[in-house]
Protein chains: 2
Amino acid sequence: MAIATAQDVARRVGCSTTAISLVVNGRDAGRVSPELRARILDAVDALNYAPNAQAQGLASSHPNQVSLLCPDIRNPFFSELFHGLTDALAPDFSVNIVVGTENFDYGPAAVRQVQANKISGLILASPSARVLESLRPAGPTVLIDSLAVLPGVPTVNPDVRGAATDLAEHLLRLGHRQVVYLDVDRAKETFHLRRTVINAALTTGGGTMTVDRVRVADIATATDYAEAHARGWVATGVTAIVCADDLIAYGVLLGAAAAGVNVPAQLSVSGFNDLQFSALTNPALTTVDFNARALGTAAGRTLRERVETGQADNVIWRSRLVVRASTGVALTHAALATPGTLHV
Amino acid sequence: MAIATAQDVARRVGCSTTAISLVVNGRDAGRVSPELRARILDAVDALNYAPNAQAQGLASSHPNQVSLLCPDIRNPFFSELFHGLTDALAPDFSVNIVVGTENFDYGPAAVRQVQANKISGLILASPSARVLESLRPAGPTVLIDSLAVLPGVPTVNPDVRGAATDLAEHLLRLGHRQVVYLDVDRAKETFHLRRTVINAALTTGGGTMTVDRVRVADIATATDYAEAHARGWVATGVTAIVCADDLIAYGVLLGAAAAGVNVPAQLSVSGFNDLQFSALTNPALTTVDFNARALGTAAGRTLRERVETGQADNVIWRSRLVVRASTGVALTHAALATPGTLHV
DNA sequence: CTGAAAGCGCTAACAT
DNA sequence: ATGTTAGCGCTTTCAG
């Protein structure tokens, strides 16, 4: 048996497809008799009818589909975010995930492609500078984890600044003065901000920070990288590694272990995102909780507002530092030489 | 500027939309002059044109869209699988992820809904018994991690039987005789098979296995559960917990730690899937590698075959046991009383 | 309360 | 080599 269409249902009931559409979408308030309604529902059930979302999208001014663009759904940050988003949007909207195909990120082309479809809304998670530059909003759009200020485009952001400051101060309190920041090689404001805020706070506190980068936020890449550099870091007096993403920190943990460097005794390690798995690592990871799920939910609510009222406020969701075992007191000559700065 | 349609492009170039369609889809082999082709490409670029996938799907007999249904994209098993799938399918097909909305799983309704769309293929990951019962293939369909034998529906499976046997034998070799199997409360063949194979092997080896379940494969749920039961398990002579999914094992690790039970000294813990994070846990998790990514890739290839030749073979991908630190020698009276069985 | 008709943007026969 | 036409399945005015 082929898939039933609204026509099939209409034929069976003996009514127009208009009635089918109205009833199936629950828009039959005093426009379809209860009797007809019941018969339609019966037929829908009997024929196993479900509306074709493509046709619906094409025809309707309210396609009730929103697209989420994210760099890589394998990063649990984005899958949590997606979950939060659907929490806020289901069942009125269905959410379509689109991931990047260009080196684990999405570019302007992916955005264009998505925008060519008829959708109710568009959500861009961690958009790159290239995406932002070429972005021409074509309908309700929400940005997540982006500092861009585009007229009519609300943003939902974690408090990167506050969290990064907390992290830097945490490290300073532990006596860390020589820090390596392991960035991900991506032109994104969020990473720029994480890095510069920490650098500023560290510098103010009398520390120094050097920046290094890995190509992508991926455990294996970071593992190789850290394994090659861990001993070097320790040898040159570096006592802490701040990673731009928890996945990178996971790699550093693995790489350090492979290189025989003890965390946190010889090297403190921290990340960003507080993924679910960060409580499980060995040692458990000190990280910044951006609350991906809540960010997704907030974005969903914001999109709803935007769709329904045409307006929406920006939201900043609170972040918080989660201190676990991967950061500890800095044990270096420098730290020992200035014990007065050590308030743990 | 509104989103450009093929008509806009055609108008600008001064040709028909047919030509646009042909060129944009690269189906212009001796059907469009190089000159026209070039002008079309220019206009496409100038107008930032991208075809509307909904319209394309509706109109075309080759919509080049495939849908992947999976229970919960937050389980890294499925996001890896998705990644493997797109590896095999891109850029010829775009893959749409559909996740469950019924208690973190998808049901027959979700399948129907997806089938109502015009797609080139459908991939069902870890389908439940309910889904399988009511499944009426409507086009190329591939099942992943499912024992169902439906005519014309190829399956891509991990070698559950082999892997589960290996795991059971591993535990027996370590001296474990009293084992708790922590299942996920889902009617799925894959879980049934994991459980029964291990039970059979354990029983044959002189052990006993009791089954318990958590509602869903989720770290937090399993943590609470394990925290409440860990001491009880140890007290009653249970020396090993086999979890139906790595996520559950993560929870058990956390719960055991919270309850003050040492892994693996007092309790060995193992899982299924060998997620990327299983190498990172404390202690690192002994688990069965089903190679989600390869499964996804194989499913993609299978779907391609199915689409192109109408036929496709079932594939079984090799699994392997990954022994790490979370399983160790059983230290109980029973084990000590029969030291002869202890070959580590 | 109900139906007829006109598209949404695209592709696929069928002309030319 | 190119254009014309007729839908894909649905929603949406607009009449009744």
Side-chain angles (χ1 to χ4, degrees), chain A residues 2-11 13-40 44 47-65 94 112-120 138-139, chain B residues 2-11 13-40 44 47-65 94 112-120 138-139:
Chain A
I3 298 297
T5 71
Q7 282 228 39
D8 299 330
V9 182
R11 207 150 23 217
V13 173
C15 69
S16 72
T17 58
T18 307
I20 309 298
S21 171
L22 257 20
V23 168
V24 167
N25 296 311
R27 291 153 169 274
D28 61 319
R31 320 181 25 24
V32 173
S33 69
E35 192 266 342
L36 214 209
R37 193 189 124 89
R39 280 169 51 219
I40 288 178
V44 162
L47 296 181
N48 248 289
Y49 169 76
N52 177 320
Q54 292 157 329
Q56 226 167 204
L58 247 199
S60 175
S61 44
H62 301 296
N64 294 344
Q65 294 172 229
S94 75
R112 256 201 307 151
Q113 206 167 304
V114 169
Q115 284 183 324
N117 299 327
K118 240 170 156 186
I119 53 178
S120 310
Chain B
I3 298 297
T5 70
Q7 281 228 38
D8 298 331
V9 182
R11 206 149 26 216
V13 173
C15 70
S16 74
T17 58
T18 305
I20 309 298
S21 171
L22 256 20
V23 169
V24 166
N25 296 310
R27 292 153 167 274
D28 60 319
R31 325 196 356 43
V32 172
S33 69
E35 194 267 340
L36 214 208
R37 195 189 122 87
R39 281 169 51 221
I40 288 179
V44 162
L47 297 180
N48 247 287
Y49 169 75
N52 177 319
Q54 293 157 329
Q56 226 167 205
L58 249 198
S60 174
S61 43
H62 301 296
N64 294 346
Q65 294 171 231
S94 76
R112 256 200 309 149
Q113 206 166 304
V114 169
Q115 285 183 322
N117 300 326
K118 237 168 160 186
I119 53 179
S120 308

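Naming convention: chains lettered A, B, ... in sequence-line order (proteins, then strands); numbering from 1 in each chain. No hydrogens, no waters, no symmetry mates; every other heavy atom, side chains included, goes into these values. Everything numeric in this text was worked out from a predicted model, so none of it was measured.
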What closest approach, in Å, do B:Ala116 and A:Ala50 show between heavy atoms, and which atom pair accounts for it? CB-O, 3.2 Å

Nucleotide nearest A:Thr17 (side chain, heavy atoms from C-beta), chosen from D:dC10, C:dC10, D:dT11: D:dT11

To the nearest 0.5 Å, how far apart are CD in A:Gln113 and CG in B:Asn48? 12.0 Å

Counting heavy atoms from C-beta on, name the nucleotide in D:dT11, C:dT2, C:dA12 closest to the side chain of A:Arg31. C:dT2

Distance below 4.0 Å between A:Ser60 side-chain N/O and D:dT11 OP1 or OP2: no

Measure from NE2 on B:His62 to C1' on C:dA12 and round the result to the nearest Å. 11 Å

Those stems involving DNA chain C that have three or more consecutive Watson-Crick or G-U pairs, both distances under 3.5 Å, are C:1-16 with D:1-16

Measure across A:Pro63 and A:Gly57 and return the closest heavy-atom pair with its distance rounded to 0.1 Å. CB-CA, 3.8 Å

Enter the distance from B:Asn64:CG to B:Ile119:CD1 here, rounded to the nearest 0.5 Å. 12.0 Å

With a cut-off of less than 4.0 Å, is there a side-chain N or O of A:Asn52 near OP1 or OP2 of D:dC8? no

Among the nucleotides D:dC8, D:dT12, D:dT11, which one has an atom lying closest to any side-chain atom of A:Arg27? D:dT12

In this structure, how many angstroms lie between the C1' atom of C:dC1 and the CD1 atom of A:Ile20, rounded? 15 Å

Within the structure shown, what part of the strands sits under 4.0 Å from A:Thr18 by heavy-atom distance: base, sugar-phosphate, or nothing? base

Tell me the interatomic distance from B:Leu22, atom CG, to C:dG9, atom C1', rounded to whole angstroms. 16 Å

Distance, rounded to the nearest Å, where A:Gln7 contributes CD and C:dA4 contributes P: 11 Å

Measure from CG on A:Asp28 to P on C:dG3 and round the result to the nearest Å. 14 Å

B:Ser21 side-chain N/O to C:dT11 phosphate OP1/OP2 under 4.0 Å: yes

Any chance you could measure B:Asp8, atom CG, to B:Thr17, atom OG1, to the nearest 0.5 Å? 11.5 Å

Counting only N and O atoms by type, is there a donor-acceptor contact under 3.5 Å from the side chain of B:Arg37 to the main-chain atoms of B:Val32? no

Which of D:dT2, C:dT2, D:dC8 is nearest the side chain of B:Leu58? It is D:dC8

Upstream residue (5' side of DNA chain C) when B:Thr5 and A:Val32 are each assigned their closest nucleotide: A:Val32

Measure from the side-chain N and O atoms of B:Gln54 to the backbone N and O of A:Lys118, and report whether any donor-acceptor pair falls under 3.5 Å. yes

Taking any heavy-atom pair under 4.0 Å as a contact, classify A:Ser61: base, sugar-phosphate, or nothing. sugar-phosphate

Nucleotide D:dC10, atom P - distance to CD of B:Gln56 in whole Å: 19 Å

Nearest whole Å is fine: how far is C:dC10 P from B:Arg11 CZ? 11 Å

Of B:Ala116 and B:Cys15, whose nearest nucleotide on DNA chain D comes first from the 5' end? B:Cys15

Nearest-Å distance, NZ (A:Lys118) to P (D:dT12)? 9 Å

Lys/Arg-Asp/Glu bridge criterion (N-O < 4.0 Å) met for A:Arg31, A:Asp28: no

